[in-house]
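Inspection log for the structure reproduced underneath, given as structure tokens.
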Protein chains: 2
Amino acid sequence: MAGAQGSASAKVCRDPFSSVPPVRVGMKQSVVRPPTETDVARLAGVSQSAVSRAFTPGASVAEQTRTKILEAAQELGYQPNLMARSLATRRSNIVALAISSLENPFYAQVVKELSHRLAETNRHILLFATSPEVEADPALERVLSYQVDALILTATTAPFELALHCQKAGIPIVQINRASKLPGISTVSGENRRAGERVAAFLLAGGHKRFGYIGGGVASSIGKERQDGFTEHLRIKGVRTVQVAFGEYTFEGAAAAARELLGSAAPPDAIFCASDYMAFAVLDVARREFGLNVPGDVSVIGFDDVPEAGHSAYDLTTYSQPAAALVAEAIKIIDIRIARPQGRAIRREVRGEIVVRGSARVPIG
Amino acid sequence: MAGAQGSASAKVCRDPFSSVPPVRVGMKQSVVRPPTETDVARLAGVSQSAVSRAFTPGASVAEQTRTKILEAAQELGYQPNLMARSLATRRSNIVALAISSLENPFYAQVVKELSHRLAETNRHILLFATSPEVEADPALERVLSYQVDALILTATTAPFELALHCQKAGIPIVQINRASKLPGISTVSGENRRAGERVAAFLLAGGHKRFGYIGGGVASSIGKERQDGFTEHLRIKGVRTVQVAFGEYTFEGAAAAARELLGSAAPPDAIFCASDYMAFAVLDVARREFGLNVPGDVSVIGFDDVPEAGHSAYDLTTYSQPAAALVAEAIKIIDIRIARPQGRAIRREVRGEIVVRGSARVPIG
DNA sequence: TCACATATTGAATACGCATGCAAAGGTGTG
DNA sequence: CACACCTTTGCATGCGTATTCAATATGTGA
């Protein structure tokens with residue numbers, strides 16, 4: 001609807017001084033094809049291959065001819081055609097990035113970080129914003145067509161078919177923040193199990209009695225680890241039951257989950273959420289819909305430590321999962337796997353810690 | 001080298017029960033090159049050109065041979081090599097997207113929307129997450145190398161050089177939410193001036209007396225329009241002064257700007273922010289650092305209407321700027337310009353409206 | 001049945017770059 | 001001075017697909 005409204009009423013903004021006709025009209029300046037290595041070669045008086053070598057680090061060119069070539073290239077405004085280069089070298093310097101929850105600030109951070117880190121080695125990102133509902137995005141299947149050097153998935157998992165194809169083609173796959181049972185798929189994540197344990201300990205020390213957990217999807221393997229760490233530590237300490245609900249990693253889903261938990265007969269006085277983004281929804285529901293005081297009536301702890309968690313509107317106590325470190329590991333893994341495509345999958349965990357803010361009662365003493 | 005190293009120093013990860021040798025050793029399952037049209041042609045008993053035509057919509061192929069070819073392709077798992085295709089057709093089906101403030105949920109929305117809309121026509125996004133400080137990102141200059149079909153900029157502006165190159169090469173540029181004086185650059189934005197006017201009217205009707213405006217950058221043309229609409233409407237209604245500060249469209253910047261305004265001798269009782277994201281910072285500062293009641297002591301109005309504005313932690317009154325509509329217009333423009341590369345720049349405005357929530361006093365009656 | 005328009009097909013080539021190979025030039029050693 | 005050796009260069013070819021052109025097959029009407 002918004003789209004229809006927008007396009008229907010869009011008005012073209014004309015120059016107010018319309019009596020003066022724009023000079024450019026009629027010049028037509030037809031579209032010019034960009035210069036090629038052959039053009040540069042002609043100008044520099046060398047062969048095309050020489051030009052290619054001048055732009056290939058480590059190739060054999062005399063310093064003198066190289067500068068001559070670079071000058072000619074400069075003069076023509078030459079830029080290597082990466083499509084042609086990719087075709088010849090079978091490497092595109094493009095990394096495909098599939099992501100499902102861009103609205104979650106944590107993943108926005110990941111994307112940003114990835115873009116910067118990859119740019120340092122002259123690589124770029126082909127972005128696939130998949131829908132969380134759709135497991136196997138048809139667009140993703142086309143990844144192979146682009147001859148990407150690697151595939152990074154965040155907040156999604158690679159469908160079996162894709163994983164198989166990539167393995168055959170020697171394209172490394174790394175999943176950030178999603179586990180995988182498939183062979184050949186590397187993963188990077190925060191310390192999920194340990195996070196669950198430490199949050200449980202923190203909340204116990206804070207004197208909480210009834211515990212809730214709001215996870216992502218029932219099938220979320222990563223979330224499962226957090227949940228297991230959380231509930232098992234509690235059980236060891238004598239807590240029998242943990243109320244569990246799932247928010248599908250969405251804001252609305254988490255809000256519904258919060259309503260379920262907080263509206264129950266014996267509502268929890270401590271809730272651990274599988275992501276900060278969901279924790280925000282829980283805070284909203286607890287305060288506005290249930291009129292609860294946080295952390296007086298209920299403590300809420302998140303996971304990720306996104307920048308917003310530090311904003312005073314939320315002031316969320318959380319377990320950190322540093323995006324920069326995750327990304328750094330992911331890129332390291334990619335480079336290893338590119339060097340040895342037939343190697344085996346690599347799994348890494350990045351350390352985090354409890355970041356104490358104001359949304360959970362603090363252990364006394 | 002990698003291979004040599006691999007065989008020399010690669011250690012086989014042994015099972016602790018090492019009496020059983022790992023099955024996979026020696027199988028080496030070497031990386032296989034993906035099938036090409038020639039492979040498909042051979043299997044189907046036709047020529048390579050026939051295969052190409054089978055995959056080219058509108059090409060001349062007998063229905064019978066086409067199905068034969070498609071079956072062969074299916075069997076081999078053939079996927080067209082888009083690099084090669086791009087080289088031959090000079091079209092990549094790739095759109096470059098440069099964006100500077102991915103942490104701002106509004107732009108995250110734009111990216112997501114763009115990705116979905118472009119995927120509908122089989123196009124993909126090459127992402128450049130530029131730094132807001134750097135006007136001319138060196139990575140961006142390399143856009144031309146990728147033979148992208150178009151360039152979309154959001155929250156950034158194209159440096160002069162790039163704009164020139166793109167114009168010569170016939171690559172359309174569209175800026176979302178940034179004006180441009182450069183010829184040949186199309187733009188899409190919300191109704192900035194009108195938004196400023198209507199917000200001013202709304203606040204006046206709410207009985208506010210002292211007005212503040214927190215803009216993005218001093219040089220932000222788009223922000224300037226909002227500011228002008230705001231201040232001019234106020235002046236017409238007899239308000240002489242508007243306190244102005246700039247937050248550079250960042251959270252921290254906006255927080256500093258809020259401190260400046262709220263800490264002044266006669267602090268405003270109404271603040272209009274050039275983006276929701278900055279408004280969130282203002283709310284934080286007003287409530288926590290100044291202990292102010294919103295909207296009792298001070299009203300805050302944002303711009304964009306991002307999803308978070310509706311969350312009760314903020315409950316922000318704002319002027320909407322529908323991301324979906326902006327994106328739809330941007331793509332329309334791109335398609336027009338791709339069809340006629342030597343045409344002139346197109347400027348569009350997408351309608352918005354005041355979204356009344358709880359962060360500003362409402363006009364009575 | 002024949003001339004002719006149409007539909008299909010394959011051979012050949014172009015797209016822009018990388019690279020193996022051999023030729024040419026230069027250096028140093030014996 | 002002959003030789004081996006290294007550096008620099010150009011030629012030729014390949015990467016996988018699109019497309020032109022000519023050739024063939026098919027169908028139409030008279």
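The sequence lines fix the lettering, A, B, ..., with proteins before strands; numbering per chain opens at 1. From a predicted model like this one, the values you see are computed outputs, not experimental measurements.
For the pair B:S186/B:R337, a side-chain contact is recorded, criterion being any heavy-atom separation below 4.5 Å from C-beta on. Counting heavy atoms from C-beta outward, A:E75 and A:L43 have side chains that approach closer than 4.5 Å. At a threshold of 4.5 Å between non-hydrogen side-chain atoms, the residues B:T157 and B:K181 do not count as touching.
In this structure, the nucleotide among D:dT9, C:dA18, D:dG16 sitting nearest to the side chain of A:A62 is D:dT9. For B:R33, the side-chain atoms get nearest to D:dG16 when compared with the rest of C:dT8, D:dG16, C:dG16.
We find the NE2-CD1 distance between A:H116 and A:I125 to be 9.5 Å, quoted to the nearest 0.5 Å. With rounding to the nearest 0.5 angstrom, the CD atom of B:Q79 is 10.5 Å from the CG atom of B:N81.
At whole-Å resolution of the value, CD in B:Q147 and P in C:dG16 are 8 Å apart. Look at CD on B:E37: it is 11 Å from P on D:dT19, rounded to the nearest Å. Rounding to whole angstrom units, CG of residue A:L87 and C1' of C:dC17 are separated by 8 Å. To the nearest angstrom, P of D:dC15 lies 18 Å from CG of A:N81. The distance from atom CZ of A:R85 to atom C1' of C:dT19 is 13 Å, rounded to the nearest whole Å. Look at CG on B:L82: it is 9 Å from P on D:dT17, rounded to the nearest Å. Per the geometry, CD belonging to B:Q64 stands 17 Å off P belonging to C:dA7, to the nearest Å.
A heavy atom closer than 4.0 Å to some atom of DNA chain D occurs in B:Q48, B:S49, B:S52, B:R53, these being the qualifying members of residues 39-58 of chain B. Annotation: proximity of residues 65-80 of chain A to DNA chain D (heavy atom, distance under 4.0 Å) is found for A:T65, numbered in ascending order.
In this structure, B:R91 does not reach the D:dA18 phosphate: none of its side-chain N or O atoms is under 4.0 Å from OP1 or OP2. Side-chain nitrogen and oxygen atoms of A:R90 include none within less than 4.0 Å of the OP1 or OP2 phosphate oxygen of D:dC15.
At a threshold of 4.0 angstrom between heavy atoms, the contacts of A:T89 are confined to the sugar-phosphate backbone, with no base atom among them. A:T36 comes within 4.0 angstrom of the backbone, heavy atoms only, and of no base.
A salt bridge links A:D335 with A:R123: the distance from a Lys NZ or Arg NE/NH1/NH2 to an Asp or Glu carboxylate oxygen falls below 4.0 Å. Using a 4.0 Å cut-off between a side-chain N of Lys or Arg and a carboxylate O of Asp or Glu, A:D39 and A:R42 qualify as a salt bridge. Using a cutoff of 4.0 Å between basic side-chain nitrogens and carboxylate oxygens, A:K332 and A:E329 are scored as salt-bridged.
The number of heavy atoms from other shown groups lying within 6.0 Å of CD (A:E120) is above 12.
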